[in-house]
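Read through the structure below, which is laid out as structure tokens, and then see the notes.
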Amino acid sequence: MLNAISVDVEEYFHATNLDPYVGRSRWNEMSTRAPESINATLEVFEKTGTLGTFFVLGDFARRNPQQVKRLAEAGHEIASHGFNHQLAYLLSPEDFYEDIRSAKQLLEDICGTEVTGYRAPNFSITEKNPWAYDKLVEAGYTYDSSVYPVWHPRYTNLDKPRVITVRPTNGGELLIVPLAASELSLLGKKLRLPVAGGAYWRLFPEFFIRWGLSRINARDHIPFCCYIHPWELDPGQPRFEEMPALTKLRHYGGIADFSSRVERYLRAFEFSTIQKLIEEWRSGQGSATEK
Ligand SMILES: [Zn+2]
């Protein structure tokens with residue numbers, strides 16, 4: 001079954017975990033790791049013959065247009081991660097619109113292709129900001145991939161579907177492409193395991209992630225969507241040692257050999273772009289519903 005792999009393209013210092021140590025006012029002083037992290041990312045995709053969807057942050061593209069061009073030239077789908085990496089539900093609808101509009105424009109100028117997909121920083125579209133969907137359609141996006149249907153301190157989306165759904169908005173329909181969650185019952189309670197990427201992909205035992213992903217395809221008969229970041233494949237990035245131990249573990253844990261792990265994940269399942277997943281869904285698999 002075809003699944004989707006995506007990459008949230010940002011510098012190591014854009015990550016929300018680093019906000020207390022870097023802060024956006026210091027972004028301009030930070031040294032770039034774009035060439036190293038993009039090299040490592042392209043290498044693992046090339047090695048495994050995989051195409052993916054790259055949600056590029058506007059602020060990354062502004063600094064590194066050549067690196068974004070390389071991604072597009074390698075045949076990957078270029079999508080948008082917004083411009084300034086602010087949590088969407090903390091922005092006003094007007095500021096959010098400007099953030100997603102300017103990012104789309106810049107990426108289209110760099111790559112010469114239409115950008116139709118969006119992913120919010122830290123999956124920050126929740127019940128707090130449903131207006132975000134209207135704004136996405138207004139800005140010309142056709143799909144959103146910001147819903148991680150699991151529990152997390154920053155978002156709770158346990159009631160959200162794990163399949164592609166159509167969301168009506170003021171300006172027309174938007175497709176919602178959720179991130180991978182494995183579902184199981186424990187003592188009569190429904191549990192959702194976050195197996196889509198991030199720290200879980202680095203820190204949980206590999207067999208556990210693979211088991212969780214396999215059962216989404218094999219037991220639930222639905223495709224899944226996963227994600228990584230280029231900075232997770234860059235062990236040479238500057239480190240912020242003053243972080244609390246838990247944040248350090250969540251942010252840097254498993255980075256040293258993550259690229260070989262990602263390579264094994266990419267070989268273990270059939271992955272392609274979100275665009276391709278949507279095509280398959282439109283051509284009939286769209287009838288797949290959750291049990
Ligand atoms: Zn991000």
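Whatever order the structure lists ligands and atoms in, that order sets their numbers, starting from 1. Worth saying up front: this structure is predicted, and the values here are computed from it rather than measured. Positions are given from 1 along the sequence. Excluded from the calculations below are hydrogen atoms, water molecules and symmetry mates; all remaining heavy atoms, backbone and side chain alike, are included.
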With the Zn ion (ligand 1) as the centre, enumerate protein N/O/S atoms below 2.8 Å in chain and residue order. E10 OE1, H81 NE2, H85 NE2
P161 to T165 - nearest heavy-atom pair and separation: CG-CG2, 3.8 Å
State, with a plain yes or no, whether a side-chain heavy atom of K104 is found less than 4.5 Å away from one of Y141. yes
Check V9, D8, L106 against V56 for a side-chain contact (heavy atoms from CB on, under 4.5 Å) and give me the one that passes. V9
Can you list every pair that meets salt bridge (Lys or Arg N to Asp or Glu O under 4.0 Å) and has a residue in residues 222-243, with sequence neighbours left out? R33-D234, R202-E232, E241-K248
Can we say R261 and D257 salt-bridge, meaning some charged N sits less than 4.0 Å from an Asp/Glu carboxylate O? no
For a 4.5 angstrom cut-off between non-hydrogen side-chain atoms, does H76 reach V7? no
